[in-house]
Amino acid sequence: MSNLPQAATDSRTFVAEPAVGLSGSLRVPGDKSMSHRSIMFGSIAEGVTEVTGFLEGEDSVHTLEAFQAMGVSIERGGPGEVRIEGRGAAVLKPAGRALYLGNSGTGMRLMTGLLAGLGIETRLTGDASLSGRPMARIVDPLVSMGARIGTEDKGRPPLHIQPGPRLSGIEYTCPMASAQVKSAVLLAGLHAGGVTTVHEPAVTRDHTERMLRGFGVDVATDGLTASLRGGQTLSATNLTVPGDISSSAFFLVGGCLSPAGSSLIVESVGLNPTRTGVIDILRLMGGRIEVRNERLQGGEPVADLFVSGGGLTGIEVPEHLVSLAIDEFPALFVAAAGARGQTLVTGAEELRVKETDRIEVMVQGLKALGADIEGTSDGALIQGARLRGGTADSCGDHRTAMAFSIASLISDGPITVLDCDNVDTSFPGFAELANRSGLDITVQGHGATASAAG
Ligand code: S3P
């Protein structure tokens, strides 16, 4: 029997008609990881932080509202503009109510580290998906620093952070490749006594380390180790958030699967080297992606990506690229389903504890669309071929919903994608933008705005 969650009945449905290719030029919304961190760090800094390119998705907006509830003055201006009046970490006060963080593991895990370090009594809650996600991975190291954090059964949310004595820095070896765990421990370490050091088993995104440096914090990094001394204060800075490479991934895959001769430009994409695994993997599959106009924005590399169509070829995905492309696997499974030959993904067991079990959801969904795919404990084996279409259940996961929509480029029949509301957590306006680039998605259900292209 499938262990997939029940489909929500009142959530939007995407119906994607078979599409030929993507072309033109587009810009995706701001990076989700950086948007969360901009609010958290700006809120505890001294002075005014102005953010442009902020992702106005549900996840990062929940983080913004959580800091407002703790007394921080944060104003939203034009699209993507946020102004945070930081008065230092000491002025944060308990919200007096539970802080609801929606679908966001990043929001919950990073805020738990930060607020446990500050000893601010807080209850953190989330939606059904977040409420089922493992929190022991952060609670255990934080408790060993002296934090007091209550959880539900089996270490699940809601989390209840209680005040207590000042935390002590630790040296922590992370058992899994997780930027959220690394960041939670480092953020607790910001207000702990002594030095906090985290060793990780593989490279994970380093936005916390880079952005803290931008706020004037001395963070030492050496290979797979990051450390900082507690008691440092943050000075406000202005931040420009680049386009999210994770949101770009659907278009990179779609562009590669488009016919030879077609071309697509994705502008102003963040190319932090801890995030570019998707480009490396697509290039290994024969994808033609050129990086142009490379520049630095707020300490992060940014560039325009030129994608030429022509198809992909199956590969064994090198395991060292997995943590550098962890959020892009739903899109990469579609790349593999449309590639010539066989693709093997291994070493990706972390996919099982994302917003959904992304191995299970992608395997079931692609099978329902006619793909030849078998899941394994840590990945999947996929034989590329055209799909026949049908109905795929995203199970409320934003990235699987967008991945199944992109599969319309390799499908002979329409694809109905169920339970798509959470696309708004990371990519508001996805269907409209995809339609302008060559997809043909109709959004059905409440609040539907996108209609068929043309
Ligand atoms: C994130 C880290 C990753 C990623 C998530 C965002 C972050 O999670 O999947 O979407 O912003 O630090 P893990 O740390 O669980 O791998």
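Bear in mind that the values here come from a model prediction, so they are computed numbers and not experimental data. Whatever order the structure lists them in is the order used to number ligands and atoms, beginning at 1.
Applying the 4.0 Å criterion to heavy atoms of S178 picks out, from ligand 1, the atoms 13 (P), 14 (O), 15 (O), 16 (O).
For the residue pair E267 and S25, a side-chain donor N or O sits within less than 3.5 Å of a side-chain acceptor on the partner. Between the side chains of H62 and S104, not a single donor N or O lies within less than 3.5 Å of an accepting N or O. For the 3.5 Å distance criterion, the side chains of K182 and T208 fail to qualify, holding no donor opposite an acceptor. Side-chain contact check for T63 and R37: no donor-acceptor pair (N or O, by modelled atom type) lies under 3.5 Å.
Evaluated by nearest non-hydrogen atom to atom 13 (P) of ligand 1, the leading choice among R275, K354, E200, R137 is K354. Around atom 12 (O) of ligand 1, the closest heavy atom drawn from H36, R37, R358 belongs to R37.
Considering backbone and side-chain N/O atoms, V181 never comes within less than 3.5 Å of an N/O atom of ligand 1. Not one N or O of S183 is nearer than 3.5 Å to an N or O of ligand 1, by distance alone. At a 3.5 angstrom cut-off on N or O pairs, R399 does not count as close to ligand 1. For ligand 1, one of its N or O atoms has an N or O atom of S33 under 3.5 Å away. Where the criterion is an N or O separation shorter than 3.5 Å, residue side chain and backbone included, R133 fails it with respect to ligand 1.
Counting only heavy atoms of the protein, atom 10 (O) of ligand 1 lies nearest to D327 OD2, 2.6 Å. Of the protein's non-hydrogen atoms, T106 OG1, 3.3 Å is the one closest to atom 6 (C) of ligand 1.
Under a 4.0 Å N-O distance rule, the pair R83/E81 does not qualify as a salt bridge. In summary, K32 and D327 do not engage in a salt bridge, as defined by a charged side-chain N under 4.0 Å from a carboxylate O.
Scanning both residues, L167 and A188, for their nearest heavy atoms gives CD1-CB, 4.0 Å.
Within the 4.0 Å heavy-atom criterion, the part of R205 lying near ligand 1 is the side chain and not the backbone.
Taking the six-membered ring where tryptophan is involved, the planes of F250 and F430 are perpendicular, since the angle between them exceeds 60° and thus also 30°.
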